[in-house]
Amino acid sequence: MTESMRDRILAAAIQVIRGRGIVAATTKEIARTAGVSEGSLYNHFANKTALFAAALGEVTGTARAAMAEVLSATGRDTVEGNLTRLACAMVAFYGELLPMTGPVLADPELIAWLRADGPGASTGASAGPVHGHTALISYLEAERRLGRLAEKADPAYLAAALLGGCQQHAFLTRLAGAETVASGAGLPADLGDFAAGLVRTVLAGHLPQPRP
């Protein structure tokens, strides 16, 4: 299938934002990367914010898909297995997102935009900063109701621990490199190994005990 002009511009925007961060990215460089005139961008996107929103919406789509997958797995397979698959996806997602959005933390206008639902405002998808956390809480609450998570387990804190661990691994790997993370932080570079270990630790004491 031939790539549409809009898709080419969107792919170029993601590439430029990934390399420069959202604050330093310019429409001129995006147009050059896409091989189109700068004016052509506005035939497909109302303004620069709409283009950046669509680019971030595309990237955050991987996280939304991972959350939808874990929600659909409620009551099936094992909680540990479901969360391990989610953790793998989220480490990869944060690894892609962090360099794109790091400068946002120092930009009050972009912070306000994200708090107003950022990418979701123009893509029609709910993509604000806390929606992934909320979705994971919903999954954990559902598993607790089914008795597959201990009654004393607190879904909000379990979600924070799991997603925080995923983000920390992505952050350290981005800054120090996988080998340094493995030797210095004692965290495996292999994504699957890290995800399994993180989930096992987060769930320790929070799974129902087998009846004697």
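Keep in mind that this is a model prediction, so the values were computed, not measured.
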For residues T33 and Q15, is any side-chain donor paired with an opposing acceptor at under 3.5 Å? no
Main-chain N/O of E69 paired with S72 side-chain donor or acceptor, under 3.5 Å: yes
Before giving the answer on side-chain hydrogen bond (donor to acceptor under 3.5 Å, both in side chains), spell out for R8 and S4 the whole-Å C-alpha distance, their side-chain angles and the decisive distance to 0.1 Å. CA-CA 6 Å; R8 194 158 85 240; S4 71; over 6 Å; no
For a 4.5 angstrom cut-off between non-hydrogen side-chain atoms, does H206 reach V79? no
Where is the tightest heavy-atom contact between F194 and G165, given as atom of each residue plus distance? CZ-O, 3.5 Å
If you take all heavy atoms of A50 and F45, which pair is closest and at what distance? O-CD2, 4.1 Å
Between L140 and L136, is there a side-chain heavy-atom distance shorter than 4.5 Å? yes
Hydrophobic clustering (ILVMFWY, side-chain heavy atoms < 4.5 Å, transitive) - are I137 and V70 grouped together? no
Measure across G75 and L146 and return the closest heavy-atom pair with its distance rounded to 0.1 Å. CA-CD1, 3.7 Å
Contact between D193 and L187 at the side-chain level, heavy atoms closer than 4.5 Å - yes or no? no
At what distance, to the nearest 0.5 angstrom, does CG of L162 lie from NE2 of H133? 10.0 Å
List the atom of A73, the atom of R148, and the distance in Å for their closest heavy-atom pair. O-NH2, 4.4 Å
Closest non-hydrogen atom pair between A142 and T74, with its separation: CB-CG2, 3.6 Å
Would you please test E151 and R144 for salt bridge (Lys or Arg N to Asp or Glu O under 4.0 Å) and show each step? CA-CA 6 Å; E151 282 188 27; R144 189 175 60 181; over 6 Å; no
Quick one: are I14 and L56 in side-chain contact, heavy atoms under 4.5 Å? no
Could you measure the distance from the CG atom of L41 to the CZ atom of R6? Nearest 0.5 Å is fine. 12.0 Å
Value rounded to 0.5 Å, distance of CD in Q168 from CG in L198: 11.0 Å
Using a 6.0 Å cut-off, check whether atom OH of Y42 has over 12 heavy atoms from anything other than its own residue. yes
How many angstroms lie between atom CD1 of I17 and atom CD of E96, to the nearest 0.5 angstrom? 11.0 Å
Any chance you could lay out the side-chain contact (heavy atoms from CB on, under 4.5 Å) test for T26 and V16, step after step, and finish with the verdict? CA-CA 8 Å; T26 65; V16 172; 5.9 Å; no
So L98 and Q167, side-chain contact (heavy atoms from CB on, under 4.5 Å) or not? Walk me through it. CA-CA 9 Å; L98 286 172; Q167 187 169 352; 3.8 Å; yes
Using the rule given for side-chain contact (heavy atoms from CB on, under 4.5 Å), can you reason through E38 versus R32, listing the C-alpha separation, both sets of side-chain angles and the distance that settles it, and then say yes or no? CA-CA 8 Å; E38 191 172 1; R32 184 168 61 249; over 6 Å; no
What pair of heavy atoms forms the shortest contact from I9 to H44, and how long is it? CD1-CD2, 3.7 Å
Can you tell me how far apart SG (C166) and CG (L83) are? Round to the nearest 0.5 Å. 9.5 Å
CZ/R85: more than 12 non-hydrogen atoms of other groups inside 6.0 Å: yes
Step by step, would you call E143 with N82 a side-chain contact (heavy atoms from CB on, under 4.5 Å)? CA-CA 11 Å; E143 293 288 27; N82 293 338; 3.9 Å; yes
So OH of Y139 and CG of L71: to nearest 0.5 Å the spacing works out to 9.0 Å
